[in-house]
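Okay, so here's the structure we're looking at.
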Amino acid sequence: MTPVRLYDSFRREKVLFEPLEPGVVGMYVCGPTPYAPAHIGHAYSAIAFDTIRRSLRFLGYQVRYVRNITDVEDKIIKRGNETGEDPMALAARFAADYNRDMARFGVLPPDIEPKVSTHIAEIIALIERLIATGCAYQVDGDVNFEIAKFPAYGALSGMKLDELRAGERVEVDPRKRSPDDFALWKAAKPGEPAWGSPWGKGRPGWHIECSAMTHAHLGDTFDLHGGGKDLIFPHHENEIAQSRGAYGPRSFARYWLHNGFLNFKGEKMSKSLGNVVDCSQIADTVGGEALRLFCVSHHFRSPVDFDFEAIRDGDGHVTGARFHSLEAADKKLEYFYTTLKRIDDFIAQSGNTGDAGDGKVLPEADKLIPDARVALADDFNTPVAMAALHEAAALANRLLDEPKGIDKQVRRRTLARLARDLRAVGVALGVFAADPAVYLAERRARLVQRRGIDAAAVERLIADRAAARAAKDFARSDAIRGELTALGVALHDTPRGTEWSVLDTAS
RNA sequence: GGAGCCAUAGCCAAGUGGUAAGGCAGUGGUCUGCAAAACCACCAUUCCCCAGUUCAAAUCUGGGUGGCUCCUCCA
C-alpha cells in the first residue's frame, strides 16, 4: 500500500497517515438527517468522502466505511408533526431517497449504515458511562453533558468556553449547570418518538449517536472521521467530549477530515436565498456523473463556487435551471467516454480482445497509475489525478490517430492498457464506470430533450445530405449542415456513415 | 466581539521554500470535399498589494486590501 499524507483538521497540518492497523482503515463519516429531499450540499459531502474511501482502496488499503443516518432528531420530528406523517416513517422515506440519489452520483453504499433508532441501547450505555465518569448529570428526565468536566473542550474548533458564552444567542435552559452544556438525552414530549431509559422515556440528543455508533462499529479508537466543515462546531467538538469523556483522552478519531462548502455565486446556500438545489434536479438535468466529475475536479477541502442560474418565464417564475459548470463537466465526460469508446472499438476490431494490456507497452502509457497514486496519496488530490487522466486520454487518441511508426502489437496492447488504467483510476474517483456507448447515447438523449430537438427531423436531414453527398452536390450538403447547425446539431462523417451530436452551445 | 478559510491567465483549477500541473475558451496548424471529433503548437518572466527573512518565496514572517465561513439548524 502507498503511504498517504493528509490534512488533519485537528492538528491543522498535513501529516503522515498511520492507521492503527497497517493497511486497514476504519472510517466514520457523518451522514444525513433525513427530513427533506437531499440537496447538492449533501451530495458534495457524500461524494468527497466516497472519493476518499475509493482513493484509499486504490492505494491498497482495506477500508471499513461507516456512514450513519440520524433518523431521530428535532428536524424530523418537527417535519413529521407539520405533515402528520410518522417521524420514523418520514425519516425512513427520505433516507431511502438519499441513498437512491447518492447512487446516481456514484457514491457506493457504506459498509455499515447505522441508525439512531437501532442503536438506542448503545446510546444509553454510553450515557450511563458518562454519568459514571462524572461528565454528565441528570436533570428531571434529561441528561446533559457538563463541559466543565472536560477541560480539553474546544481543541478541534479552537473555541474557548468564555468566548462561547459571549456569543450565546439561544435561550438558556436554567436547569443546565452551564449554558454550554448540551443534551445527551431528552425527556419525552407528547408526539415524539420515545424509548425507555434509566431516566424515563425519552430520546437521544443530537451528537451522542455518532459517539455511540463509532464505538459500536469501529471501537474505542479509529482512524478517520469525516464530515462537512460546518459540523466542526458544535457537533464534532461534542462527539470528542462525549467519547473521550467516556473512553479516555486517547480514544476516538485519530485524524479528522472536513470538506469545504459549496457556494452559489459567492453566496452560501440557503433556503431563504432560493438557491438550494435538489439532487434529483441535478441528476435529471445533466446526469449524476457530471456532478461527480465536477467534484473531483476540485480539491475536497476547497470552497467551491457552483454556477447556477434559474431560468424564468415571462412572468418571472422559475421554470428550470442552468448549471454551467456541470454542463462543462458533462462535456469533459463526453471527451473521456468518446476516447474509451474509440479504444474499445479499436480493440474489438483488432480481433484480439483477450489482451488486457499486460506486457510491454509504450513507456508513456505506464505513467497514469503511478501518477494517480502519487496524486491521491497526497491529501487525496483528485484534480492532479484528473490531469493524469487527461494526459493518458490524449496519448490514447494520438495512438488511435497516428498508427505509423509503432509496432502493431505494442500499439494495440498500449491502447488496451490505457483503457484499463483509465477505468482503474476512474474507479478511484468514481467516474467512467458506464458503458461508453450507453453514456454517450443517454447524454445525447438528455441534450435532445433539453434543447427540444426533433431527432426524427435530424435523421431525415442527414439522409437528404447523404444523398446530396453521394451525388457530389456539396452546395446542397453544406446547406443541410447549416440547417442542422441552426437546430443545434453537429455532424460527424465517419467511415460508418454520418453520426450526430448536440452542439455544446451556451444556450 | 471570538475562531478560521480563501485570493494563481479571459474563466475553472493544482501547486505550501528550488525556479508556475491540468482543463475550458482563444489563435495557428494537421486531418477533412467542407466540417465535426481527435491530435500538434502557441497562450501567466509571474502567483491581490507593501515590507521583511533566504543563495532561492506563489509558497515563510509582519502589515494592508478584497471575498467567504463558523460561533444558531445547516453537508
Side-chain angles (χ1 to χ4, degrees), chain A residues 7 9 12-14 29-33 35-36 38-49 73-75 78 154 157-160 162-171 206 226-235 237 258-263 266-271 276 293-294 297-299 301-305 307 324-325 327-329 331-332 334-335 338-339 342 371 375 378-379 381-391 393-402 469 472-475 477-478 481-482 484-485 489-494 498-501 503-504 506:
Chain A
Y7 182 88
S9 308
R12 295 172 204 236
E13 62 181 343
K14 214 187 260 187
V29 174
C30 288
T33 299
Y35 69 102
H39 62 245
I40 184 159
H42 294 106
Y44 190 65
S45 185
I47 290 169
F49 291 108
E73 211 272 339
D74 294 0
K75 293 188 292 293
K78 180 163 177 275
S157 60
M159 296 287 175
K160 296 185 186 70
D162 49 343
E163 288 157 2
L164 282 180
R165 290 196 189 95
E168 188 68 55
R169 272 186 265 163
V170 289
E171 201 179 328
W206 181 45
K229 255 193 166 92
D230 59 318
L231 294 177
I232 291 174
F233 189 89
H235 185 57
E237 199 71 75
H258 290 99
N259 70 282
F261 258 30
L262 222 44
N263 295 315
E267 285 181 319
K268 166 187 180 168
M269 180 171 71
S270 80
K271 294 196 170 147
V276 174
L293 193 80
F294 173 81
S297 299
H298 299 73
H299 188 90
R301 271 191 291 105
S302 304
V304 172
D305 204 61
D307 197 0
H324 300 283
S325 41
E327 286 164 27
K331 197 177 168 187
K332 204 178 279 184
E334 183 193 33
Y335 169 77
T338 301
T339 301
R342 290 186 74 195
D371 284 356
D378 182 13
D379 201 27
N381 196 327
T382 53
V384 171
M386 283 304 305
L389 286 170
H390 271 107
E391 281 166 11
L395 171 62
N397 280 309
R398 218 181 298 141
L399 285 171
L400 289 160
D401 284 348
E402 288 159 34
R469 290 180 79 216
K472 298 253 190 274
D473 184 355
F474 293 123
S477 168
D478 289 349
R481 180 194 290 286
L484 286 163
T485 303
V489 169
L491 298 181
H492 177 194
D493 292 325
T494 76
T498 298
E499 295 171 356
W500 63 280
S501 61
L503 278 168
D504 289 288

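Each chain gets a letter, A, B and so on, in the order the sequences are listed, and its residues count up from 1.
B:U19: no Watson-Crick or G-U partner with both key distances under 3.5 Å is found in any strand. When Watson-Crick and G-U wobble pairs are counted only if both distances are under 3.5 Å, B:C39 pairs with B:G29. Base pairing analysis places B:C34 opposite nothing; no Watson-Crick or G-U wobble pair with both distances below 3.5 Å involves it. B:U61 is paired with B:A51 under the Watson-Crick or G-U wobble criterion, all donor-acceptor distances under 3.5 Å. Using the Watson-Crick or G-U wobble rule with both distances under 3.5 Å, B:A56 pairs with nothing in any strand shown. Applying the Watson-Crick and G-U wobble criteria (two distances, each under 3.5 Å), B:A44 pairs with nothing in any strand. Here B:A3 sits opposite B:U69 as a Watson-Crick or G-U wobble pair (both hydrogen-bonding atom distances under 3.5 Å).
Regarding A:Asn259, its CG atom lies at a distance of 13 Å from the C1' atom of B:U69, rounded to whole Å. A:Arg12 places its CZ atom 11 Å from the C1' atom of B:C5, with the value rounded to the nearest Å. Across the protein-nucleic acid pair, A:Phe261 atom CZ and B:A75 atom P stand 7 Å apart, rounded to whole Å. Across the protein-nucleic acid pair, A:Glu13 atom CD and B:C60 atom C1' stand 15 Å apart, rounded to whole Å. One can place CD of A:Glu237 at 15 Å from P of B:A3, the figure rounded to the nearest angstrom. Atom CZ of A:Phe233 is separated from atom P of B:C5 by 17 Å (rounded to the nearest Å). Summarising the geometry, the separation between CG on A:Leu231 and P on B:C71 is reported as 10 Å, rounded to the nearest angstrom. As rounded to whole Å, 10 Å separates atom P of B:G4 from atom OH of A:Tyr7.
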Return the polar atom pairs (N/O with N/O) between nucleotides 8-15 of chain B and the protein under 3.5 Å, or none.
unit_1: B:A14; atom_1: OP1; unit_2: A:His299; atom_2: N; d: 2.8
unit_1: B:A14; atom_1: OP1; unit_2: A:Ser302; atom_2: OG; d: 3.3
unit_1: B:A14; atom_1: O3'; unit_2: A:Asn381; atom_2: ND2; d: 2.9
unit_1: B:A14; atom_1: O2'; unit_2: A:Asn381; atom_2: ND2; d: 3.4
unit_1: B:G15; atom_1: OP1; unit_2: A:Asn381; atom_2: ND2; d: 3.1

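A 4.5 Å side-chain heavy-atom check between A:Leu293 and A:Met386 finds at least one atom pair inside the cut-off. A heavy-atom distance below 4.5 Å is found between the side chains of A:Asp493 and A:Arg481. Put simply, the side chain of A:Arg342 reaches to within 4.5 Å of the side chain of A:Asp401, judged on heavy atoms. At least one side-chain heavy atom of A:Arg301 sits under 4.5 Å from a side-chain heavy atom of A:Tyr7.
Under the side chain to side chain contact (heavy atoms under 4.5 Å, CB included) criterion, A:Lys14 pairs with A:Arg5, A:Asp378, A:Asp379, not counting sequence neighbours. Applying the ring-ring contact (aromatic ring centres under 6.0 Å, His included) test to A:His390 and every residue at least two apart in sequence or in another chain returns A:Phe336. Annotation: salt bridge (charged side-chain N to carboxylate O under 4.0 Å, His left out) contacts of A:Glu402 (sequence neighbours excluded): none. Residues that satisfy the side chain to side chain donor-acceptor pair (under 3.5 Å) test with A:Lys331, not counting sequence neighbours, are absent from this structure.
Nucleic acid contact class of A:Trp206 (heavy atoms, under 4.0 Å, all strands): sugar-phosphate only. As judged by a 4.0 angstrom heavy-atom cut-off over every strand, A:Lys229 is placed among residues making no nucleic acid contact. Counting non-hydrogen atoms under 4.0 angstrom, A:Ala394 reaches the backbone sugars and phosphates but no base. Residue-level contact check: A:Leu400 touches neither bases nor backbone, having no heavy atom under 4.0 Å from any strand. Here A:Glu402 lies in heavy-atom contact (under 4.0 Å) with sugar-phosphate atoms only. A:Thr33 comes within 4.0 angstrom of nothing in the nucleic acid, heavy atoms only.
B:U69 and B:C40 are spaced 44 Å apart, taking the C1' atom of each and rounding to whole Å. Only the C1' atoms considered, B:C48 is 16 Å distant from B:C68, to the nearest whole Å. For the C1' atoms, the distance linking B:G22 with B:A56 amounts to 26 Å, nearest Å. If you take atom C1' in B:A51 and the same atom in B:U45, they sit 22 Å apart, rounded to whole Å. For the P atom pair drawn from B:U61 and B:A7, the interatomic distance equals 14 Å after rounding to whole Å. Across B:C71 and B:G10, the matching C1' atoms stand 38 Å from one another, rounded to whole Å. Here, B:A13 and B:C47 have their C1' atoms 13 Å apart, quoted to the whole Å. Using atom P as the reference point in both B:U46 and B:U59, the two lie 15 Å apart (nearest Å).
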### Task
Kindly indicate, with the supporting measurements, whether the criterion side-chain contact (heavy atoms from CB on, under 4.5 Å) is fulfilled by A:Tyr44 and A:Asn259.
CA-CA 8 Å; A:Tyr44 190 65; A:Asn259 70 282; 3.7 Å; yes
#### Entry: Stepwise side-chain contact (heavy atoms from CB on, under 4.5 Å) check, A:Tyr335 with A:Asn397
CA-CA 10 Å; A:Tyr335 169 77; A:Asn397 280 309; 3.5 Å; yes
### Summary
A correct 5'-to-3' footprint of nucleotides 25-37 of chain B, with B, S and - meaning base, sugar-phosphate only and no protein heavy atom under 4.0 Å, is S-------BBBB-
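Evaluation of A:Tyr44 against the base of B:A75 yields no stacking contact (centre distance < 5.5 Å, interplanar angle < 30° required).
Distances shorter than 4.0 Å separate some side-chain N or O of A:His42 from OP1 or OP2 on B:A75.
Judged by closest nucleotide on RNA chain B, A:Ser157 is the one of A:Ser157 and A:Leu395 placed further toward the 5' end. Along RNA chain B, the nucleotide nearest A:Ala328 and the nucleotide nearest A:Gly228 are compared for position; the residue whose nucleotide lies closer to the 5' end is A:Ala328.
The side chain to side chain contact (heavy atoms under 4.5 Å, CB included) test with A:Leu231 is passed by exactly one of A:Cys30, A:Ser157, A:Ser45: A:Cys30.
To the nearest 0.5 Å, atoms CZ (A:Phe474) and CZ (A:Arg469) are separated by 6.5 Å.
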